[in-house]
Number of protein chains: 2
Amino acid sequence: MLMNELKYSDVDIRALLKRHDIKPTSQRIDIARVLLQRQTHLSAEDIYKIVNPDKPGASPGRPRSPKQRVSKATVYNTLGLFAEKGLVREVIADPNKIFYDPNTAPHHHFYDVTTGALTDIDAGAVEVIGLPPLPEGTSLEGVDVVVRLRQT
Amino acid sequence: MLMNELKYSDVDIRALLKRHDIKPTSQRIDIARVLLQRQTHLSAEDIYKIVNPDKPGASPGRPRSPKQRVSKATVYNTLGLFAEKGLVREVIADPNKIFYDPNTAPHHHFYDVTTGALTDIDAGAVEVIGLPPLPEGTSLEGVDVVVRLRQT
DNA sequence: CTAACTGCAAACGTTTTGCAACTTT
DNA sequence: AAAGTTGCAAAACGTTTGCAGTTAG
């Protein structure tokens with residue numbers, strides 16, 4: 001097993017999905033592999049492109065692209081499902097798109113407003129103190145800290 | 001001057017805009033007034049509706065609606081300009097829309113994922129500690145803390 | 001075999017853009 | 001009068017949905 005680029009066999013991924021109550025279809029395995037292998041934050045569009053490497057610009061006449069593997073709808077549905085089942089985390093930092101983060105351990109983010117790049121902040125030392133009690137009838141879903149940066 | 005509902009005269013608003021290097025047009029004054037008077041977080045669509053109270057559902061045949069006052073494009077452009085000039089703050093908490101917050105003092109937010117409601121967290125006691133140094137060549141734009149809640 | 005999933009294309013809601021007409025200064 | 005601003009409509013973007021056909025258990 002390499003240092004930074006983890007290797008996941010299909011068997012591993014199937015087991016992981018099952019553990020999260022997700023029926024492992026081939027599309028879901030593809031998407032999960034992309035997310036797990038690269039330790040980066042990816043948008044749905046990013047994943048769509050990675051999973052369908054050769055999809056040409058819309059050519060509606062063609063009955064079926066031979067290497068088309070996962071439709072846009074499935075990418076979105078699958079990512080939503082993964083988030084709901086706790087396999088990945090949605091990061092709301094860019095006003096235009098959702099990022100999906102395979103790192104589910106509590107941690108925070110730098111968001112570069114110039115480039116749109118998102119990077120992890122090592123969770124260890126960071127702490128938010130002094131939060132008031134939650135409003136009546138609500139439970140905590142999570143605390144997101146986004147440190148916005150500008151290129152100088 | 002009332003407690004919670006501040007009164008701003010057009011003269012006040014003109015001065016405020018000028019202080020922020022924004023040329024005070026009548027549309028900008030309208031939008032600024034909406035934002036300042038209500039101390040809430042509003043989306044562009046919210047503001048569009050407030051500023052154009054009687055806009056009927058699309059009736060393209062009609063040459064001009066007599067009470068139409070601010071176009072959608074102008075609302076978006078103006079809010080972007082206000083944010084850029086530091087008159088309001090963009091809040092990225094809802095994955096679908098940007099909220100504009102007239103409160104420019106440092107503070108944080110509760111975001112109710114069930115209802116989409118955004119509420120201020122009194123800034124006083126809240127503090128984020130242990131943040132790592134910023135990456136090379138970047139400066140701090142702001143630190144946003146969003147506490148996500150779920151209705152129980 | 002059945003329930004669940006997928007693909008497609010069309011619909012959606014938010015935000016942006018191009019350009020002619022109009023206000024501000 | 002010049003520069004900047006506005007309105008409109010259309011387009012662009014990310015995302016969701018409806019439904020017929022397919023696949024996993």
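Only this structure's heavy atoms are used, side chains among them; waters, hydrogens and symmetry mates stay out. Keep in mind that what you see is a predicted model, and the values were worked out from it rather than measured.
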Look at the side-chain N and O atoms of [X] and state whether any lies under 4.0 Å from the OP1 or OP2 oxygen of [N].
X: A/Thr25; N: C/dT6; answer: yes
X: A/Thr74; N: C/dG7; answer: yes
X: A/Arg69; N: C/dG7; answer: no
X: B/Arg28; N: D/dT6; answer: yes
X: B/Gln27; N: D/dG7; answer: yes

Send over the distance from [X] [atom1] to [N] [atom2], rounded to a whole Å.
X: A/Ile92; N: C/dT14; atom1: CD1; atom2: P; result: 15 Å
X: B/Ile29; N: D/dT6; atom1: CD1; atom2: C1'; result: 14 Å
X: B/Tyr48; N: C/dT14; atom1: OH; atom2: C1'; result: 13 Å
X: B/Ile22; N: D/dG4; atom1: CD1; atom2: C1'; result: 14 Å
X: A/Leu81; N: C/dT6; atom1: CG; atom2: C1'; result: 13 Å
X: B/Lys85; N: D/dT5; atom1: NZ; atom2: C1'; result: 14 Å
X: B/Asp21; N: D/dT5; atom1: CG; atom2: P; result: 11 Å
X: B/Leu17; N: D/dG4; atom1: CG; atom2: P; result: 18 Å

Of all residues at least two apart in sequence or in a different chain, which pass the side-chain hydrogen bond (donor to acceptor under 3.5 Å, both in side chains) check with B/Glu127?
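With neighbours one apart ignored, the set is empty.
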side-chain hydrogen bond (donor to acceptor under 3.5 Å, both in side chains) partners for B/Thr40, two or more places apart
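For B/Thr40, no residue satisfies side-chain hydrogen bond (donor to acceptor under 3.5 Å, both in side chains) once neighbours in sequence are set aside.
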Hey, what bend do you get for the helix from C/dC1-D/dG25 to C/dT25-D/dA1 if you fit axes on five pairs at each end, rounded to 10°?
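One end's axis against the other's: 40°.
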Whether each nucleotide of nucleotides 11-19 of chain D has a protein heavy atom under 4.0 Å at its base (B), only at its sugar-phosphate (S) or at neither (-) is summarised, 5' to 3', as ---SBBB--
Quick one: on DNA chain D, does B/Lys23 or B/Val75 contact a more 5' nucleotide (nearest heavy atom)?
B/Lys23
Cluster companions of B/Ile121 among Ile, Leu, Val, Met, Phe, Trp, Tyr (side-chain spacing under 4.5 Å)
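B/Ile121 shares its hydrophobic cluster with A/Phe110, A/Ile121, A/Val126, A/Val128, A/Leu131, A/Leu134, A/Leu140, A/Val143, A/Val145, A/Val147, A/Leu149, B/Phe110, B/Val126, B/Val128, B/Leu131, B/Leu134, B/Leu140, B/Val143, B/Val145, B/Val147, B/Leu149.
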With sequence neighbours excluded, what pairs up with A/Ala44 under the side chain to side chain contact (heavy atoms under 4.5 Å, CB included) test?
A/Val75, A/Tyr76, A/Leu79
Set of residues satisfying side chain to side chain contact (heavy atoms under 4.5 Å, CB included) with respect to A/Ile50, sequence neighbours excluded:
A/Val34, A/Arg38, A/Leu42
Shared hydrophobic cluster, A/Val113 / B/Ile92 (ILVMFWY, side-chain heavy atoms < 4.5 Å)
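No, no single cluster joins them.
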Can you list every side chain to side chain donor-acceptor pair (under 3.5 Å) pair that touches residues 134-149 of chain B, not counting sequence neighbours?
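Counting only pairs at least two positions apart or across chains, the side chain to side chain donor-acceptor pair (under 3.5 Å) contacts touching residues 134-149 of chain B are A/Asp144-B/Arg148, A/Arg148-B/Asp144, A/Arg150-B/Glu141.
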Residue pairs fulfilling side chain to side chain donor-acceptor pair (under 3.5 Å) with at least one residue in residues 16-35 of chain B, sequence neighbours excluded:
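Sorted result for residues 16-35 of chain B: B/Asp10-B/Arg33, B/Asp30-B/Arg33, B/Asp30-B/Arg69.
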Does one side chain, of A/Asn103 or A/His41, offer a donor that lies under 3.5 Å from an acceptor on the other?
no
